[in-house]
Amino acid sequence: MTVDRTGRFWRSIDRRAMELPRCGACGRFHFYPRPVCPECWSDDLDWRPVSGRGTVWSYTVVRFAHGAHEGWKTRVPYVVALIELEEGVRMMGNVVDCPVEAVRSGMAVELDYREYEDGLIPVFVPAG
Ligand SMILES: [Zn+2]
């Protein structure tokens with residue numbers, strides 16, 4: 001049996017209003033979606049909108065996009081970062097709309113969305 005745990009996430013992305021799973025027992029968000037809360041193991045989970053505010057926790061600059069879709073090969077160099085959201089979860093994402101040299105750990109970023117070959121995806125831009 002296949003369980004669709006990420007459909008709700010991608011539907012929220014399509015509405016440009018990211019939602020993440022939140023535990024009703026301990027109140028913590030988590031990502032990626034799981035059948036139970038990774039903090040307290042409760043299955044009392046709901047989906048809530050996130051603020052979109054976060055900071056760069058760590059990152060790398062991709063200068064050679066081997067194996068990626070053709071579109072990514074034309075975008076090098078680009079940043080792949082681990083973003084820590086205000087809600088306490090970390091997720092991978094591109095940092096866009098700034099030179100790759102400007103990205104730093106601890107940098108404040110905001111959620112945004114970009115249309116690429118595979119559809120709309122979440123990205124992060126320098127805050128305010
Ligand atoms: Zn919990």
Side-chain angles (χ1 to χ4, degrees):
M1 185 176 92
T2 301
V3 178
D4 177 16
R5 295 196 211 291
T6 61
R8 173 95 182 231
F9 173 77
W10 289 109
R11 287 191 295 279
S12 75
I13 297 304
D14 286 343
R15 296 192 316 276
R16 296 175 184 259
M18 184 192 283
E19 295 178 349
L20 294 180
R22 181 180 170 275
C23 176
C26 75
R28 295 186 180 126
F29 283 83
H30 66 268
F31 186 78
Y32 54 92
R34 297 171 175 89
V36 296
C37 172
E39 303 292 338
C40 75
W41 299 94
S42 169
D43 63 358
D44 177 18
L45 304 177
D46 197 2
W47 288 77
R48 298 286 176 85
V50 294
S51 68
R53 291 186 293 272
T55 55
V56 174
W57 192 76
S58 188
Y59 67 98
T60 190
V61 178
V62 176
R63 298 184 187 277
F64 179 72
H66 68 91
H69 292 287
E70 289 302 316
W72 290 100
K73 292 177 181 171
T74 67
R75 287 184 201 109
V76 290
Y78 60 84
V79 172
V80 176
L82 194 54
I83 304 296
E84 186 163 82
L85 295 179
E86 192 174 70
E87 287 78 10
V89 300
R90 292 181 189 147
M91 66 170 52
M92 299 291 290
N94 296 115
V95 178
V96 300
D97 289 0
C98 69
V100 296
E101 296 80 11
V103 176
R104 293 284 179 272
S105 293
M107 174 182 174
V109 291
E110 292 174 350
L111 177 64
D112 201 357
Y113 303 89
R114 291 289 183 279
E115 188 78 41
Y116 291 132
E117 293 81 5
D118 290 338
L120 200 64
I121 66 166
V123 298
F124 295 88
V125 300

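All values below were derived from every heavy atom in this structure, side-chain atoms included, with hydrogens, water molecules and symmetry-related copies excluded. Counting starts at 1 for both ligands and their atoms, following the listed order.
- The shortest side-chain heavy-atom distance between V125 and V95 does not fall under the 4.5 Å cut-off.
- For R5, there are no side chain to side chain donor-acceptor pair (under 3.5 Å) partners at least two apart in sequence or on another chain.
- The shortest distance between side-chain heavy atoms of Y32 and M91 does not fall below 4.5 Å.
- The heavy-atom pair separating C23 from S42 by the smallest distance is SG-CB, 3.9 Å.
- Ion pairing of E117 with K73 is absent here, as no side-chain N (NZ or NE/NH1/NH2) approaches a carboxylate O to less than 4.0 Å.
- Distances from the Zn ion (ligand 1) under 2.8 Å pick out these protein N/O/S atoms: C23 SG, C26 SG, C37 SG, C40 SG.
- Side-chain atoms of Y113 come within 3.5 Å of backbone atoms of M18 as a donor-acceptor pair (strictly under, hydrogens ignored).
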